[in-house]
Amino acid sequence: EKPVAGKMANDIKRELEEAFDGKRKELEGAKIAKELSQEFFDVTVPGKTREIGHIHPVSQVQEEVERIFSQMGFAIMDGPEVESEYYNFEGLNIPGDHPARDMQDTFFIQDKHDKKHGKLVLRTHTSPVQVRTMEKYGAPLRVIVPGRVFRYEATDASHDTTFYQVEGLLIDKHISLAHLKGVMAEFLSRLFGKPVKVRFRPGYFPFVEPGL
């Protein structure tokens, strides 16, 4: 008798579920009808916008850096992350035999070349944008270049294959290291919300002279 009883139990279960669903819909419809008859509902009112996610800390810092430098009269420049060797190196006075090439292990794009400027690479710094900006706008110039860069390096606490940097370029008459120090002190004071002193000390960087 088990098959017969099982079939009967399933039929009864299905009938009960259908009855419950029907009654639920009936009650919900009656509730909505009652609310519509007693309350005014403006169907043209926009719905609530749900905020999804948060801004990444790196993006938050970049936005703050851009805001501060914009207040100080600097323009914000951007450029391609896949660059030619010319803009990434030669245009910055870094030829193939330059020691700076050894300091920046580079990702090369396989079998890809720029007809005019040679091999393509993932930019090792944001400096190519300096060359592009000077070509386009000339001088005087006051810009910063924030963005993502790439190095073929082992990852540790202070190194990664992909990281962000921001650099500035100021070209004008009678500009000295005093201006650089003043800009850095003002920028850092605004960034940290308190007075910041800046100290320069000499350092060796093969792509700049003097280096500090």
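Just so it is clear, the model here is predicted, and its values are computed rather than measured.
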Validation row: [X], [Y] side chains within 4.5 angstrom (heavy atoms):
X: Leu120; Y: Ser84; value: yes
X: Thr106; Y: Leu122; value: no
X: Leu169; Y: Thr133; value: no
X: Phe74; Y: Leu170; value: yes
X: Val129; Y: Glu167; value: no
X: Leu212; Y: Leu177; value: yes
X: Tyr164; Y: Val61; value: no
X: Phe163; Y: Val149; value: yes

Let me check something: do [X] and [Y] share a hydrophobic cluster, defined by ILVMFWY side-chain heavy atoms less than 4.5 Å apart, either directly or through other members?
X: Val82; Y: Phe150; result: yes
X: Leu180; Y: Val65; result: yes
X: Val196; Y: Ile144; result: yes

Answer yes or no: is there an ion pair linking Lys7 with Asp11, defined by an N-O contact shorter than 4.0 Å?
yes
Could Arg190 and Glu186 be called an ion pair, given the rule that one side-chain N must be under 4.0 Å from one carboxylate O?
yes
Could you state the interatomic distance from [atom1] ([X]) to [atom2] ([Y]), rounded to the nearest 0.5 Å?
X: Met184; Y: Leu191; atom1: CE; atom2: CG; value: 10.0 Å
X: Leu27; Y: Ile32; atom1: CG; atom2: CD1; value: 11.5 Å
X: Arg14; Y: Ile12; atom1: CZ; atom2: CD1; value: 10.5 Å
X: Lys181; Y: Lys197; atom1: NZ; atom2: NZ; value: 10.0 Å
X: Lys136; Y: Leu141; atom1: NZ; atom2: CG; value: 12.0 Å
X: Asn10; Y: Met8; atom1: CG; atom2: CE; value: 11.0 Å

Reference residue Lys119; test side-chain contact (heavy atoms from CB on, under 4.5 Å); the match among Phe89, Phe108, Tyr86:
Phe108
Run the side chain to side chain contact (heavy atoms under 4.5 Å, CB included) check on Arg151 and Asp105 step by step: do they pass?
CA-CA 6 Å; Arg151 303 276 178 88; Asp105 294 328; 5.8 Å; no
Got a sec, which pairs hit salt bridge (charged side-chain N to carboxylate O under 4.0 Å, His left out) with one end in residues 69-84, sequence neighbours left out?
Glu81-Arg148, Glu83-Arg132
Within a radius of less than 6.0 Å around [atom1] of [X], do more than 12 heavy atoms belonging to other residues, nucleotides or ligands occur?
X: Tyr137; atom1: OH; result: no
X: Leu16; atom1: CG; result: yes
X: Asn93; atom1: CG; result: no
X: Gln38; atom1: CD; result: yes

Looking only at non-hydrogen atoms, find the nearest pair between [X] and [Y] and report the distance.
X: Leu92; Y: Ser127; value: CD1-CB, 3.5 Å
X: Arg123; Y: Pro128; value: CB-CG, 4.5 Å
X: Val198; Y: Leu188; value: CG2-CD1, 4.2 Å
X: Thr161; Y: Glu153; value: CG2-O, 3.3 Å
X: Ile171; Y: Ala139; value: CG2-CB, 3.8 Å
X: Glu66; Y: Pro146; value: OE2-CG, 3.3 Å

Examine distances only and state if a side-chain atom of Gln165 and a backbone atom of His125 form a donor-acceptor pair shorter than 3.5 Å.
no
Does the pair Val166 and Gln62 meet the rule for a side chain to side chain contact (heavy atoms under 4.5 Å, CB included), with working shown?
CA-CA 8 Å; Val166 57; Gln62 180 173 331; over 6 Å; no
Stepwise salt bridge (charged side-chain N to carboxylate O under 4.0 Å, His left out) check, Arg67 with Glu64:
CA-CA 5 Å; Arg67 184 185 66 82; Glu64 179 68 7; 2.6 Å; yes
What is the ring orientation for Phe69 with Phe187, classed by angle as parallel under 30°, tilted 30 to 60°, or perpendicular over 60°?
parallel
